[in-house]
Amino acid sequence: MVLVAVILLAPGPNPLPRRDPDRDIAGLRQAECEYRGIKASFDELTRVYVLQAYEGGRLVRWEAGPNPRNPEGEALVTAVFAVTGPKAVRYAVPPELAERRQAAAPELAVTWRYGTLASVQVEPGNAYAVDAVAEYRRTVDGFVARMVVVLHDAELLQGPGPGQPSVGR
């Protein structure tokens, strides 16, 4: 009889905290990152990564769940894309990255660790997210390298050379 009472009164294993996956997905997609003064949401960063690095990139779904390592404060938020293969790129790709990109087809999952305890924190949750951040930095660096500062009014042409049509001042 005492054994039954002890079993009934003993605390059971702690269940994982209930997180709202829709809220985690929305929060991550709206969270912003900044590099060299250029901001992007993680939704944009993730989608642009797939468009830049893969052929046939199409968003299939977003999914989220508690991070098993820190279920109270973090979620793993994943964007799942259908891809047909890697794109040819104009920069040197490390062999392990080239292999990872080649192995991604037909489905690619970019996972982010999304923390919300004291403030919003987003970190790469898998190798594809690390690659996405590197691609974002390369894109921004390329954009900044092509920027031109003009100290007075100048005509903006559609392309290089004096024979191009004007698109503004």
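Reckoned from all heavy atoms, side chains included, excluding hydrogens, waters and symmetry mates.
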If you count every heavy atom of other residues, nucleotides or ligands that lies below 6.0 Å from Glu34 atom CD, does the total exceed 12? yes
So, Arg100 and Asp131, do they make that salt bridge, N to O below 4.0 Å? no
Do we see a donor-acceptor contact under 3.5 Å between the side chains of Tyr128 and Tyr49? no
Closest heavy-atom pair, Leu76 versus Pro68, reported as atoms and distance to 0.1 Å, is CD1-CD, 4.0 Å
Rounding to 0.5 Å, atoms CG (Leu45) and CZ (Arg137) come to a distance of 10.0 Å
Self-check item: Path from Val80 to Val130 over hydrophobic side-chain contacts below 4.5 Å
Solution: no
Residues 18-45 vs ring pair (Phe, Tyr, Trp, His ring centres under 6.0 Å), sequence neighbours excluded, gives Phe42-Trp112
- Item | Chi angles and distances behind the side chain to side chain contact (heavy atoms under 4.5 Å, CB included) call for Val50, Val83 | CA-CA 8 Å; Val50 172; Val83 297; 4.1 Å; yes
Note to self: Can you tell whether the side chains of Arg101 and Glu135 come within less than 4.0 Å, N to carboxylate O?
What the structure shows: yes
Review point. So do the side chains of Met147 and Val144 get within less than 4.5 Å of each other, counting heavy atoms only?
Key: yes
Please determine whether a side-chain nitrogen of the Lys or Arg among Asp43 and Arg47 lies less than 4.0 Å from a carboxylate oxygen of the Asp or Glu.
yes
In terms of heavy-atom contacts, Leu59 and Ala79 come closest through CD1-CB, 4.2 Å
| query | Between Thr84 and Glu55, does any side-chain donor sit less than 3.5 Å from a side-chain acceptor? | reply | no
